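Values below: every heavy atom of this structure, side chains too, minus hydrogens, waters and symmetry copies. Predicted model only: the values in this text are computed from it and were never measured. For reference, positions follow the sequence shown, starting with 1.
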Amino acid sequence: MTSGLWELVLEGVWVTIQLLVLSALLATAVSFVVGVARTHRLWIVRFLAGFYTEVFRGTSALVMIFWVFFVLPPAFGWQLVPLWAGTLALGLTYGAYGSEIVRGALAAVDPAQREGGIALSFTPWQRMRLILLPQAVPEMIPPFSNLLVELLKGTALVSIMGMGDLAFSGNLVRLALQESAEIYTYILLIYFVIAFLLTRLMRGLEKKLKAGVGKAPVRGADVEPKRPEASGVGGAVR
């Protein structure tokens with residue numbers, strides 16, 4: 001490929017990364033708000049949070065992008081640029097999946113921890129902030145890592161709006177060169193590299209968070225301890 005075509009691909013990579021970061025931030029915020037609401041003591045709050053989750057999990061992300069870009073703006077008399085339409089559609093959709101991760105991680109915390117917070121006269125918000133979330137968040141990282149990779153692959157859907165992301169730019173290059181195998185192979189490799197870097201980053205974050213709550217793996221923990229006889233102590237006792 002010529003340098004001009006490579007520049008087009010790199011511009012697409014940059015647009016994809018912007019979309020990924022913005023939609024991931026929105027999805028994370030939605031995940032925690034809705035996920036915590038699913039554990040609320042008021043049934044109406046749990047119902048509304050559950051309704052949101054079921055609606056966005058049960059609809060197509062592709063159709064949601066169409067709806068946000070073509071249907072929602074005219075209803076309010078304004079127009080969204082493709083970047084913000086894609087961010088809104090992907091963030092809300094993947095946030096619904098993330099909310100189940102948050103709810104499940106919170107439910108998995110030992111009930112004794114909740115009881116301890118109640119015994120200390122903590123308010124529900126204090127129990128959530130000081131006891132439940134610090135223990136639940138490290139357990140959320142592996143499924144959130146998978147969801148982030150799925151979100152990366154989902155960013156390719158915005159190309160239907162004519163947005164110059166990696167998939168759209170790659171297709172333009174393919175049309176210019178009339179070479180499908182080579183171009184799509186490059187595009188696949190670029191997606192793989194971005195996904196690999198994301199998983200490495202999330203794994204490092206997981207280790208750091210688990211170390212903060214005393215769950216970091218101990219070096220040499222799987223080594224079998226010496227028996228008393230081997231140390232000479234047991235052999236002296238008759």
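L188 and Y184 fall into different hydrophobic clusters, where Ile, Leu, Val, Met, Phe, Trp and Tyr residues are linked whenever their side-chain heavy atoms come under 4.5 Å apart, directly or through other members. Under a hydrophobic clustering in which Ile, Leu, Val, Met, Phe, Trp and Tyr are joined whenever their side-chain heavy atoms come within less than 4.5 Å, directly or via other members, V30 and F51 fall into the same cluster. F168 and V13 fall within a single hydrophobic cluster, where Ile, Leu, Val, Met, Phe, Trp and Tyr are joined by side-chain heavy atoms under 4.5 Å apart, directly or via other members. Residues L25 and L201 fall into different hydrophobic clusters, defined by Ile, Leu, Val, Met, Phe, Trp and Tyr side chains chained together at heavy-atom separations under 4.5 Å. Hydrophobic cluster membership differs between I17 and V149, with clusters built from Ile, Leu, Val, Met, Phe, Trp and Tyr side chains linked at under 4.5 angstrom.
At a threshold of 4.5 Å between non-hydrogen side-chain atoms, the residues F144 and V102 count as touching. M163 is not listed as a side-chain neighbour of F69, based on a closest heavy-atom distance of 4.5 Å or more. Looking only at side-chain heavy atoms (C-beta outward), Y97 and N146 stay at 4.5 Å or farther from each other. Counting only heavy atoms from C-beta outward, the side chains of L148 and L20 approach each other to under 4.5 Å.
The ring-ring contact (aromatic ring centres under 6.0 Å, His included) test applied to Y52 returns F56, not counting sequence neighbours. Residues meeting the side-chain contact (heavy atoms from CB on, under 4.5 Å) test with L157, sequence neighbours left out: A61, L62, I65. By the salt bridge (Lys or Arg N to Asp or Glu O under 4.0 Å) test, E100 is found to be paired with R38, R103, residues two or more places apart in sequence or in another chain being considered.
Rounding to the nearest 0.5 Å gives a distance of 4.5 Å between OH of Y191 and OG1 of T16. Here the straight-line distance linking atom OH of Y94 with atom CG of L147 works out to 7.5 Å at 0.5 Å rounding. Atoms CG and OG1, from L92 and T87 in turn, are 10.0 Å apart once rounded to the nearest 0.5 Å. Atom CE of M128 is separated from atom NE2 of H40 by 9.0 Å, given to the nearest 0.5 angstrom. Put simply, CD on E7 and CD on E11 are 7.0 Å apart, with the number rounded to the nearest 0.5 Å. Here the CD atom belonging to Q126 is positioned 10.0 Å from the CG atom belonging to L120, to the nearest 0.5 angstrom.
V109 approaches A136 most closely through the heavy-atom pair CG2-CB, 4.0 Å. When all heavy atoms are compared, the tightest approach of T185 to A181 is OG1-O, 2.6 Å. Taking both residues in full, the closest heavy atoms of K210 and P138 are given as CG-CB, 3.7 Å, listed atom of the first, atom of the second, then distance. Summarising the geometry of P134 relative to L130, their closest heavy-atom pair is CG-O, 3.6 Å, with the distance given to 0.1 Å. Of all the heavy atoms in D165 and T155, the pair that sits closest is OD2-O, 3.5 Å. Shortest non-hydrogen contact noted between M161 and G86 is CE-N, 4.0 Å.
Counting side-chain heavy-atom gaps under 4.5 Å among Ile, Leu, Val, Met, Phe, Trp and Tyr, L10 is found in no cluster with other residues. Through side-chain heavy atoms spaced under 4.5 Å, either directly or across other Ile, Leu, Val, Met, Phe, Trp or Tyr residues, V45 is tied to L42, W43, I44, F47, L48.
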Inset, instruction - Start with the C-alpha distance between V158 and V15, add both sets of side-chain angles, then the distance that settles side-chain contact (heavy atoms from CB on, under 4.5 Å), and finish with yes or no. - result: CA-CA 11 Å; V158 301; V15 171; over 6 Å; no
Legend entry - Test log, rule side-chain contact (heavy atoms from CB on, under 4.5 Å), inputs L72 and L88: CA-CA 11 Å; L72 184 62; L88 186 61; 4.3 Å; yes
Legend entry - Worked verdict on L90 versus L22 for side-chain contact (heavy atoms from CB on, under 4.5 Å): CA-CA 10 Å; L90 293 175; L22 293 173; over 6 Å; no
Inset, instruction - For salt bridge (Lys or Arg N to Asp or Glu O under 4.0 Å), just list the numbers for K153 and E150, CA-CA rounded to whole Å, side-chain angles, deciding distance to a tenth of an Å, and then say yes or no. - result: CA-CA 5 Å; K153 293 185 285 187; E150 289 298 321; 3.1 Å; yes
Inset, instruction - Apply side-chain contact (heavy atoms from CB on, under 4.5 Å) to S159 and N171, showing your working. - result: CA-CA 10 Å; S159 60; N171 191 51; over 6 Å; no
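Side-chain atoms of S169 never come within 3.5 Å of backbone atoms of L166 as a donor-acceptor pair (strictly under, hydrogens ignored). In this structure, the side chain of R174 does not engage the main chain of I183 through any donor-acceptor pair within 3.5 Å. Q135 contributes no side-chain N or O that, together with a main-chain N or O of L132, makes up a donor-acceptor pair within less than 3.5 Å. Between the side chain of T199 and the backbone N or O of F196 there is at least one donor-acceptor pair closer than 3.5 Å. A donor-acceptor pair is defined here as one N or O able to donate and one able to accept, closer than 3.5 Å; no such pair exists between the side chain of S145 and the backbone of I141.
The aromatic rings of Y186 and W6 lie tilted to each other, with the angle between the two planes from 30° to 60°.
Counting only residues at least two apart or in different chains, salt bridge (charged side-chain N to carboxylate O under 4.0 Å, His left out) contacts with residues 55-77 comprise E54-R57.
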